[in-house]
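What follows is a single structure, written as structure tokens, with notes after it.
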2 protein chains.
Amino acid sequence: MTGAESIERPYHHGDLRRALIDAALALVTEEQDWSFSLREVARRAGVSHNAPYNHFPEKRDLLGAVAAAGFDALRDRMRAAIARVGSPRAALLACAAAYVKAGVENPALYRLMFGPALAAPAPAVRPSAAKPDSGRPAEARAAGAGAKAVLEEIILRGAERGVFAISATSKSELAVAALSNWSAVHGLTMLAIDSLTGSELAVDTLVNRIMRTLLEGLEPR
Amino acid sequence: MTGAESIERPYHHGDLRRALIDAALALVTEEQDWSFSLREVARRAGVSHNAPYNHFPEKRDLLGAVAAAGFDALRDRMRAAIARVGSPRAALLACAAAYVKAGVENPALYRLMFGPALAAPAPAVRPSAAKPDSGRPAEARAAGAGAKAVLEEIILRGAERGVFAISATSKSELAVAALSNWSAVHGLTMLAIDSLTGSELAVDTLVNRIMRTLLEGLEPR
DNA sequence: CCATAATATGGTCACTGTCAACTTAACGCG
DNA sequence: CGCGTTAAGTTGACAGTGACCATATTATGG
């Protein structure tokens, strides 16, 4: 044990694992796909084809770490977007715009984040052997929760200030409201990736209009 | 040329291509993953390891066909869900519930549908060679549009009857409303897959509450 | 200074995706 | 009828891959 588990301190390379994650992230970004070989990641990092196995038991684990890094970056961008706005409504709009923009800028990374990284191992398929690998997507899951927390904070602030029609003391209402926002932004991002990859202006206006629909509702008032 | 291009008429097998799609779909469902080998799909179909190449140029194309089949099944389930309901609001709820249920029942298939199947080939990466493979995800895209159309019809009906606060003649407003619904349902499905895989009751209640939030809006009225 | 565990390397194996060439079967046609 | 043509499927082959093993090397604790 090194004692400080959070600070990975490889001995020989300097900081492999970070280098591997960076190389894999670069490959995902360049090829817009994660079908590259683990050996190529090792090649980019300048190590032998087996060095990555000292840090990641399987290829999926490396991809999971890349997804976790993507979630962390997404969280940072969301926090930066809401840093200089006051009202919860403006924060929600800015946060959604930053979120969608991040997804559109790197669709493959976004798909990786919500793809196999979060997929839990099928429980019913394995007949008897219950491998303790259930903790594999834990890293990506935790990072995703970190990003989700940004949205939840905005919802909570809005509820406290009375600008959202939910009770700030009802955990259930808060959770539903946060989930509906998270759903809308997440779904919008995936659809934006598919439909309007390129025109950045259209993304902003579309985000604004859809978030307005979400805030004001679909039924006549 | 056989003359009828839409009707695949294999000579030797009866209907390979359909058999391959079925085998691949079964594998996706069983293993909750599409990392299986193309050779295993061929094995399941009882053909040699190279027979699939007569129907799909690459493995991705077979996965795209599986995704398209998944979209068709999703569309059918949505249509069946709204067949016996009257009001647009009830149709929206039933449609969303069916959608989410389908996603939760087969998460891997759902992820495949919105994963690499819809991913367009990166345009800026390929330096010069512009391969004419841009039509690869076309099949899945078209099938996805078919499922999306169900939601759009509900929105249009609601606008016509005046139960939704949008103009039935404004193409733009209709598109935004449909997109916001599609986004919410799609995002909710992905989040439901991650959080509550199993409890089916919770899915229904959560869908109802979130769709109500969407219909009535988040801000006080 | 050594013992130990962590870290990287080279070697190996079954397997994969894809290409090329060959065989089989159905059709069209003089 | 034989003939070529073409689609559909088969066999063989090759480079490359993921994952494992044993081995070598280096940093860290004592």
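Sequence lines set the chain letters: A, B, ... in the order given, protein chains first and strands last, and positions in each chain run from 1. This structure is a prediction, so every number in the text was calculated from the model and none was measured.
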Calculate the interatomic distance between [X] atom [atom1] and [N] atom [atom2]; express it in whole Å.
| X | N | atom1 | atom2 | result |
| --- | --- | --- | --- | --- |
| B/L62 | C/dT16 | CG | P | 15 Å |
| B/K59 | C/dC15 | NZ | C1' | 12 Å |
| B/R17 | D/dA7 | CZ | P | 16 Å |
| B/N54 | C/dT24 | CG | P | 16 Å |
| B/F56 | C/dT18 | CZ | P | 13 Å |
| B/L16 | D/dA7 | CG | P | 16 Å |
| B/D15 | D/dA8 | CG | C1' | 13 Å |
| A/D61 | D/dG18 | CG | C1' | 13 Å |

*Mind checking what makes side chain to side chain contact (heavy atoms under 4.5 Å, CB included) contact with B/A73, not counting sequence neighbours?*
none
*With A/A90, which residues qualify under side chain to side chain contact (heavy atoms under 4.5 Å, CB included), at least two apart?*
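Testing A/A90 for side chain to side chain contact (heavy atoms under 4.5 Å, CB included), a comparison that skips the adjacent residues, returns A/V85, A/S87.
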*asked:* With a sphere of 6.0 Å drawn around CZ of A/R18, does it hold more than 12 non-hydrogen atoms of other residues, nucleotides or ligands?
replied: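 No.
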_It should be established whether A/H55 places a side-chain nitrogen or oxygen under 4.0 Å from OP1 or OP2 of nucleotide C/dA8._
yes
*Would you indicate, yes or no, if C/dA8 has its OP1 or OP2 atom less than 4.0 angstrom from a side-chain nitrogen or oxygen of A/H49?*
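Looking at the OP1 and OP2 atoms of C/dA8, neither is under 4.0 Å from any side-chain N or O of A/H49.
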*Residues of residues 37-48 of chain B with any non-hydrogen atom less than 4.0 angstrom from an atom of DNA chain C: list those, numerically ordered, please.*
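Hits under 4.0 Å, by residue number: B/S37, B/L38, B/R39, B/R43.
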List, one per line, each side-chain donor-acceptor pair under 3.5 Å for residues 146-158 of chain A, sequence neighbours excluded.
residue	atom	partner	partner atom	Å
A/E153	OE1	A/R79	NH1	3.3
A/E153	OE2	A/R79	NH2	3.2

*Under the side-chain contact (heavy atoms from CB on, under 4.5 Å) criterion, do B/N54 and B/R17 qualify, and how do the steps go?*
CA-CA 9 Å; B/N54 286 318; B/R17 181 186 169 94; over 6 Å; no
*Side-chain-base donor-acceptor pair under 3.5 Å for A/N50 and D/dG18*: no
*Could you list the residues that satisfy side-chain hydrogen bond (donor to acceptor under 3.5 Å, both in side chains) with B/D72, not counting sequence neighbours?*
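Listed in chain order: B/R75.
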_Within residues 16-50 of chain B or reaching into it, pairs that qualify as ring pair (Phe, Tyr, Trp, His ring centres under 6.0 Å) - sequence neighbours excluded_ =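 Ring pair (Phe, Tyr, Trp, His ring centres under 6.0 Å) check on residues 16-50 of chain B returns no pairs.
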